[in-house]
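Heavy atoms only: backbone and side chains are in, while hydrogens, waters and symmetry mates are out. By convention in this document, chain letters (A, B, ...) are assigned in the order of the sequence lines, proteins followed by strands, and residues within each chain are numbered from 1. All values reported here derive from a predicted model rather than from experimental measurement.
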Protein chains: 2
Amino acid sequence: MNATATNSADSYSISELAQEFGITTRTIRFYEDKGLISPERRGQTRVYSPEDRVRLKLILRGKRLGFSLDESREIIDMYDPAHGNVEQLNRLLQRIESKREQLRQQQRDIEKVLAQLDEATARTQAALQEHSN
Amino acid sequence: MNATATNSADSYSISELAQEFGITTRTIRFYEDKGLISPERRGQTRVYSPEDRVRLKLILRGKRLGFSLDESREIIDMYDPAHGNVEQLNRLLQRIESKREQLRQQQRDIEKVLAQLDEATARTQAALQEHSN
DNA sequence: ATTGACGTTTACGTTAACGTAAACGTCAAC
DNA sequence: GTTGACGTTTACGTTAACGTAAACGTCAAT
């Protein structure tokens, strides 16, 4: 009765996710190879949970920020309950702060480039003015 | 009389730039191969102007934002006087706006990830609390 | 005149992140 | 019963962005 949701519960096929995020199934399997996603199997077939979907979304977000898959994995791993000892937890806090600083740098970089683009727009419009004379 | 500025005027050697920006000379030559920088030659030796230095800085900024060298080149090329006809100038405005939109997306992404990191910090500190009991 | 520090060119090697193709299984539809 | 859509594994290919090594020139210092 529904074209997109063939399955019973809250799950997705690989091609559903591929289409939703505009990537290929090959890419999704590649992420699995790299240990970024671990879908269940119904026989041979991969079945993706909402959590898997979220992880995929986070990976692609990291990608847009120029993060490598390893970096994205790191950030994702920061999210779940830290199950380590005190030393590990403190190192985690360090890594988090380090990422935070990197992102702040990116924010500054973006501001600079946006300012550049403003100037570029101004100059281009000025050049267009010339043509109208 | 000066250790860093051997040359007469406002110019840099390849190793000076490499050291300043924390990259290798190989990398700088690679950028030249790709047509991103075009230093002058004093005989065989490359001599970099302040403009070359700025271009290098812009390349590295793009790199931090996850831009490819081609994308960085595009942005840099947007900066100089647009020497084309009206059609070209209008296409340039389009590309600029497109880049702007991409950067805005990155800003949103960064905000999301920063929020994630805040949560991660909170959970990690909570886990540390557990250990002190 | 040889040693270093710095520069050069040429060229093969490497890693990440997939693309692409082959060869096959499966299941509903015609 | 075969066609087509979707899934699978296996494996080789590709592009970007450098790394690394070889083999050499140059110039100041010892």
Side-chain angles (χ1 to χ4, degrees), chain A residues 1-8 11-49 52 55-76, chain B residues 1-8 11-49 52 55-76:
Chain A
M1 291 208 173
N2 190 318
T4 58
T6 312
N7 289 330
S8 53
S11 65
Y12 312 87
S13 76
I14 191 170
S15 55
E16 279 172 1
L17 290 183
Q19 192 176 13
E20 175 177 358
F21 292 114
I23 58 183
T24 69
T25 61
R26 174 70 181 87
T27 298
I28 296 180
R29 291 196 197 94
F30 177 76
Y31 292 159
E32 181 177 349
D33 266 22
K34 292 292 164 179
L36 288 164
I37 317 181
S38 305
E40 289 173 12
R41 298 284 182 132
R42 196 154 304 185
Q44 278 271 82
T45 307
R46 277 162 253 250
V47 179
Y48 296 85
S49 71
D52 291 328
R55 292 180 72 89
L56 191 49
K57 189 183 275 189
L58 296 182
I59 295 167
L60 297 177
R61 177 176 294 156
K63 208 178 156 189
R64 286 196 300 270
L65 294 175
F67 292 169
S68 72
L69 294 183
D70 281 348
E71 286 177 312
S72 287
R73 192 214 325 272
E74 239 202 291
I75 295 180
I76 293 174
Chain B
M1 291 209 173
N2 189 317
T4 58
T6 311
N7 289 328
S8 52
S11 66
Y12 312 87
S13 76
I14 191 169
S15 56
E16 277 173 1
L17 290 182
Q19 191 175 14
E20 174 177 358
F21 292 113
I23 57 183
T24 68
T25 60
R26 174 68 180 87
T27 298
I28 297 181
R29 290 196 198 95
F30 178 76
Y31 293 158
E32 182 177 348
D33 265 22
K34 292 292 165 179
L36 289 164
I37 317 180
S38 305
E40 291 173 11
R41 298 284 181 133
R42 195 154 307 183
Q44 279 270 82
T45 307
R46 279 163 252 250
V47 178
Y48 296 85
S49 71
D52 292 328
R55 293 180 71 89
L56 191 49
K57 189 183 271 189
L58 296 181
I59 295 167
L60 298 176
R61 177 176 293 157
K63 208 178 156 189
R64 286 196 300 269
L65 293 175
F67 291 169
S68 72
L69 294 184
D70 280 348
E71 287 176 311
S72 288
R73 193 215 324 272
E74 240 202 289
I75 296 180
I76 293 175

K.L.:
In this structure, how many angstroms lie between the P atom of D:dC6 and the CD1 atom of A:I28, rounded?
P.N.:
14 Å

K.L.:
Could you tell me how far apart A:I14 (CD1) and D:dC6 (P) are, to the nearest whole angstrom?
P.N.:
13 Å

K.L.:
Using side-chain heavy atoms (C-beta onward) and a distance below 4.5 Å, is B:I28 in contact with B:I23?
P.N.:
yes

K.L.:
Using only side-chain N and O atoms of A:R42, determine if any of them is under 4.0 Å from OP1 or OP2 of C:dC27.
P.N.:
no

K.L.:
Could you measure the distance from the CZ atom of A:F21 to the CD atom of A:E16? Nearest 0.5 Å is fine.
P.N.:
11.5 Å

K.L.:
Nearest 0.5 angstrom please: B:E40 CD to B:S49 OG, how far?
P.N.:
7.0 Å

K.L.:
Specify the closest pair of heavy atoms between A:I14 and A:T25, including all atoms of both residues, with the distance to one decimal.
P.N.:
CD1-O, 3.7 Å

K.L.:
What is the per-nucleotide protein-contact pattern of nucleotides 14-29 of chain D, from the 5' end, where B denotes a base atom under 4.0 Å from a protein heavy atom, S denotes such proximity for sugar-phosphate atoms only, and - denotes neither?
P.N.:
---BBBB---------

K.L.:
Nearest-Å distance, CD (A:Q19) to P (D:dA5)?
P.N.:
15 Å

K.L.:
Can you tell me how far the OG atom of B:S11 sits from the OH atom of B:Y48, to the nearest 0.5 Å?
P.N.:
11.5 Å

K.L.:
Does A:R46 make a side-chain N or O approach to OP1 or OP2 of D:dT8 shorter than 4.0 Å?
P.N.:
yes

K.L.:
Whole angstroms only, please: what is the CD-C1' distance between B:Q44 and C:dT9?
P.N.:
8 Å

K.L.:
Provide, to the nearest angstrom, the distance between the CZ atom belonging to A:R29 and the C1' atom belonging to D:dA11.
P.N.:
14 Å

K.L.:
Counting N and O atoms only, with roles assigned by atom type, does the side chain of A:D33 sit under 3.5 Å from a partner on the main chain of A:F30, one being a donor and the other an acceptor?
P.N.:
no

K.L.:
Reading 5' to 3' and counting Watson-Crick or G-U wobble pairs with both distances under 3.5 Å, write the dot-bracket notation for DNA chain C, | for bases paired outside the strand.
P.N.:
||||||||||||||||||||||||||||||

K.L.:
Hey, what do you get for CD (A:E32) to CZ (A:R46), rounding to the nearest 0.5 Å?
P.N.:
4.5 Å

K.L.:
Strictly below 4.0 Å, N to O, side chains only: are B:D70 and B:R73 in salt-bridge contact?
P.N.:
yes

K.L.:
Any chance CD of A:E20 has more than 12 other-residue heavy atoms, nucleotides or ligands included, within less than 6.0 Å?
P.N.:
yes

K.L.:
With a 4.0 Å limit, can you tell me whether A:S15 has a side-chain N or O closer than that to the phosphate oxygens OP1/OP2 of D:dG7?
P.N.:
yes

